[in-house]
Amino acid sequence: MNRALQILQERGFIQQCTDFEGLSALMDAGPVTFYVGCDPTGPSLHIGHMVPFFALRHLHEAGHIAIALIGGGTARIGDPSGKTEMRKMLTYEQIDENSERIRKQLDAFIGFDGKTAFTANNKDWLANLNYIDFLRDIGVHFSVNRMLSFEAYRKRLETGLTFIEFNYQLLQSYDFLQLYDRHGCRLQIGGDDQWGNIVAGIELIRRIRGVETYGLTFPLVTTSDGKKMGKTEKGALFLDPALTSPYEFFQYWRNVTDADVKRFLLMFTFLPVSECEALGSAKDSAINQAKERLAWEVTALIHGKEEADKALQAARALFGKGGTAGDADAVPTYRIAAKRIQQGILAIDLFVESGLCPSKSEARRLIQQGGAFVNEEKVTELEKMLDISSIQDGILLLRAGKKRYVRVRVE
RNA sequence: GGGGAGAUUCCCGAGUGGUCAAAGGGGGCAGACUGUAAAUCUGUUGGCUCAGCCUUCGUAGGUUCGAAUCCUACUCUCCCCA
């Protein structure tokens with residue numbers, strides 16, 4: 001088997017391939033141009049988007065030519081795959097803005113050089129498509145009967161599917177054709193929910209250009225307790241530090257279930273396979289250290305080593321014995337005017353203001369249930385007042401439950 | 001175009017004039033146990049100036065001492081027929 005494919009397989013990336021031997025032979029013969037698509041439907045990528053891009057990096061490092069396709073055109077419609085409801089329509093301005101932000105995030109992760117790795121935006125060929133021409137040239141090759149047999153559309157037939165969403169597959173197939181024509185792209189990789197769309201693109205190219213292209217999909221990554229990957233209290237685990245701080249990002253990986261450690265090390269880090277396996281097979285306290293390693297590695301890849309170090313340090317300070325919050329710079333910090341503390345402030349109010357509790361009722365509940373701490377001391381009275389005496393070195397540490405910390409900095 | 005069903009708190013889903021901030025489950029949060037894990041058990045889960053008050057049951061009106069529950073109109077969704 002081709003070396004690059006072997007790496008992907010060892011690391012658990014491969015779910016399905018349209019023609020394993022054919023692809024392997026093609027890749028052995030020389031650099032293959034391939035692409036991953038991603039629709040800019042939000043302002044930031046989240047970790048769920050990243051599996052194909054980790055795979056992209058592996059292939060790129062193996063000498064193949066990577067295209068990251070930003071779906072500035074397809075985002076105007078919305079892919080029904082894996083969705084149970086129609087997507088919200090975004091304005092064109094929003095999509096363009098999202099596209100740019102996502103392009104930057106990908107650039108930071110992949111490092112586009114414009115030759116062996118670059119981006120494309122399908123807006124360039126989709127935005128001004130002529131409907132009649134499109135139907136004549138592309139539409140004829142699609143069978144509605146066939147499309148309806150796809151899982152993605154069949155499901156939606158029960159809940160409702162609009163015509164524009166139904167067209168998504170044609171557009172994605174057309175993307176592949178365009179990338180083949182423009183850049184000689186021969187391989188499309190993506191999440192397994194894209195299988196139907198990928199296969200459709202391959203068939204289109206075969207019919208129109210008489211050329212064999214390939215598709216490769218990755219498993220949909222879930223946590224071993226069956227939840228979707230990357231879910232936090234606040235929603236998805238975003239790459240944008242403004243949406244998910246590096247510390248929160250780090251903590252997500254730090255708190256992964258034992259059973260997921262090996263798999264995540266293989267997929268979300270570039271540590272050697274043997275090391276991933278050794279770390280992931282550890283037990284008891286050793287597995288805990290492996291989680292710390294996992295968290296540091298992934299955080300470093302996304303946010304850089306410096307941020308990863310800070311997050312690690314903060315986590316150790318808060319969770320290690322006898323640690324202080326003073327040097328835990330990465331911990332979310334809330335700033336408050338010194339005057340307000342001098343006047344005295346209700347603990348309840350501070351928990352709400354700092355963002356640890358969404359409402360005063362929740363803050364009260366937290367105190368009643370014994371989960372509210374100020375400077376690691378349990379708050380026992382609902383009406384607890386805080387003043388200067390709680391401040392140490394200009395800082396006051398709030399904790400909600402076992403893991404959620406906020407530092408309050410008095411200025 | 002015709003006929004039918006429906007819209008309930010984060011989600012699913014009960015409720016059909018007062019005892020409803022609304023059963024049950026899921027999810028979330030907290031506590032116990034632990035390893036910042038899993039499993040398990042317990043509590044909790046609209047807001048507030050909290051023994052009380054306020055806002056919620058698609059939207060807008062109406063009936064009533066009193067409505068998520070009845071009436072009217074509207075909006076949206078689904079199903080069947082064309």
Side-chain angles (χ1 to χ4, degrees), chain A residues 83-86 88-89 155-162 165 222-237 245-265 279-296 298-299 308 311-323 325 328 330-332 345-349 351-374 376-385 397-406:
Chain A
K83 303 286 182 309
T84 49
E85 281 170 28
M86 183 167 165
K88 273 191 305 219
M89 284 280 199
K155 258 190 205 153
R156 290 295 303 273
L157 242 31
E158 287 158 26
T159 57
L161 176 66
T162 63
E165 289 177 282
T222 52
T223 59
S224 53
D225 37 353
K227 286 175 199 149
K228 261 196 193 155
M229 177 74 208
K231 282 291 221 178
T232 69
E233 318 87 87
K234 290 185 194 162
L237 196 68
S245 73
Y247 172 78
E248 287 174 283
F249 188 87
F250 180 95
Q251 282 297 305
Y252 176 83
W253 300 97
R254 180 59 249 261
N255 281 310
V256 143
T257 306
D258 288 6
D260 288 330
V261 174
K262 187 191 288 181
R263 208 157 41 104
F264 288 178
L265 278 166
L279 283 167
S281 313
K283 294 234 157 50
D284 300 320
S285 66
I287 189 88
N288 236 339
Q289 280 168 27
K291 288 180 195 180
E292 199 175 71
R293 184 70 190 280
L294 169 69
W296 188 88
V298 187
T299 308
L312 175 65
Q313 198 187 8
R316 281 185 175 164
L318 292 176
F319 292 97
K321 43 197 177 314
V331 177
I345 184 166
L346 273 172
I348 288 175
D349 290 332
F351 270 89
V352 174
E353 265 189 54
S354 64
L356 277 172
C357 296
S359 70
K360 292 187 185 181
S361 296
E362 287 233 353
R364 283 192 196 97
R365 221 172 277 138
L366 188 71
I367 292 173
Q368 275 163 353
Q369 297 186 129
F373 294 79
V374 173
E376 294 303 334
E377 197 178 307
K378 190 186 279 185
V379 178
T380 49
E381 348 152 18
L382 282 177
E383 301 300 313
K384 173 82 176 173
M385 286 295 286
L397 184 68
L398 298 181
R399 170 154 73 91
K402 289 191 188 102
K403 297 178 199 166
R404 291 152 52 222
Y405 287 90
V406 165

Need the pair for B/rC78. Rule: Watson-Crick or G-U wobble, both distances under 3.5 Å, any strand; none if unpaired. B/rG4
Report yes if at least one side-chain N or O of A/Arg365 is closer than 4.0 Å to OP1 or OP2 of B/rG47; otherwise report no. yes
Could you tell me whether A/Tyr252 and A/Tyr247 have their ring centroids closer than 6.0 angstrom? no
Can you check the distance between B/rU9 and B/rC80, where both ends of the measurement are the C1' atom (answer in whole Å)? 32 Å
Presence of donor-acceptor pair under 3.5 Å, side chain of A/Gln369 and base of B/rG31: no
Only pairs with both distances under 3.5 Å count, Watson-Crick or wobble alike; so what is the partner of B/rA38 in this structure? none
d(CD, A/Gln368; P, B/rU42) in whole Å: 20 Å
Please state the C1' separation for the pair B/rU77 and B/rG26 - nearest whole angstrom. 23 Å
Find the distance A/Asn255:CG to B/rA39:P and express it as a whole number of Å. 13 Å
Upstream residue (5' side of RNA chain B) when A/Arg399 and A/Lys402 are each assigned their closest nucleotide: A/Arg399
Using the C1' atom as the point on both nucleotides, what is the distance between B/rC79 and B/rG52, in whole Å? 48 Å
From CG of A/Asp260 over to P of B/rA39, roughly how many Å is that when rounded to an integer? 11 Å
Distance below 4.0 Å between A/Arg254 side-chain N/O and B/rA37 OP1 or OP2: no
If the C1' atom of B/rU69 is compared with that of B/rU42, how far apart are they to the nearest Å? 35 Å
Could you give the CZ-to-P distance, from A/Phe373 to B/rG31, as a whole number of Å? 6 Å
Interatomic distance at P, B/rG13 relative to B/rA60, whole Å: 24 Å
Once you round it to whole Å, what is the distance between C1' of B/rA30 and CZ of A/Phe351? 12 Å
Just to be sure I understand the rule, does A/Ala400 reach a base, reach only the sugar-phosphate, or reach nothing, if contact means heavy atoms closer than 4.0 Å? sugar-phosphate
Would A/Phe250 and A/Trp296 count as a close aromatic pair, with their ring centres under 6.0 Å? no
Counting only side-chain nitrogens and oxygens, does A/Lys403 get under 4.0 Å of the OP1 or OP2 atom of B/rA37? yes
Does some side-chain heavy atom of A/Val331 sit less than 4.5 Å from a side-chain heavy atom of A/Val406? no
Do the charged groups of A/Lys291 and A/Asp258 touch, with an N to O distance under 4.0 Å? yes
Atom-pair distance (NZ on A/Lys360; C1' on B/rC29), nearest Å: 20 Å
Expressed as a whole number of Å, how far does the C1' atom of B/rU56 sit from that of B/rA7? 15 Å
For B/rC33, the Watson-Crick or wobble partner whose two distances fall under 3.5 Å: none
Pairwise P distance for B/rC29 and B/rA21, with rounding to whole Å: 28 Å
Any donor-acceptor N or O pair under 3.5 Å, side chains A/Ser359, A/Glu362: no
Going through the checks in order, is the side-chain contact (heavy atoms from CB on, under 4.5 Å) test met by A/Leu318 and A/Leu397? CA-CA 10 Å; A/Leu318 292 176; A/Leu397 184 68; 4.1 Å; yes
C1' spacing across the pair B/rU44 / B/rC10, given as an integer number of angstrom: 15 Å
A/Ser359 or A/Ile287: which one's nearest nucleotide on RNA chain B is closer to the 5' end? A/Ile287
In Watson-Crick or G-U wobble terms, both distances under 3.5 Å, what is the partner of B/rC70? B/rG62
Reckon A/Glu292 touches a base, only the sugar-phosphate, or nothing at all at heavy-atom distances under 4.0 Å? nothing
Between C1' on B/rA37 and CG on A/Leu294, what's the gap in Å once rounded to a whole number? 13 Å
Ignoring backbone atoms, test whether A/Ser361 places a side-chain nitrogen or oxygen under 4.0 Å from the OP1 or OP2 oxygen of B/rC48. yes
Let me know the distance between CD of A/Glu362 and C1' of B/rG43, rounded to the nearest Å. 14 Å
When we call it a touch if two heavy atoms are under 4.0 Å apart, what does A/Val256 touch: a base, just sugar-phosphate, or nothing? sugar-phosphate
Given the rule in the ring-ring contact (aromatic ring centres under 6.0 Å, His included) test, do A/Phe373 and A/Tyr405 qualify, once you have shown the distances and angles that lead to the verdict? CA-CA 9 Å; A/Phe373 294 79; A/Tyr405 287 90; 9.1 Å; no
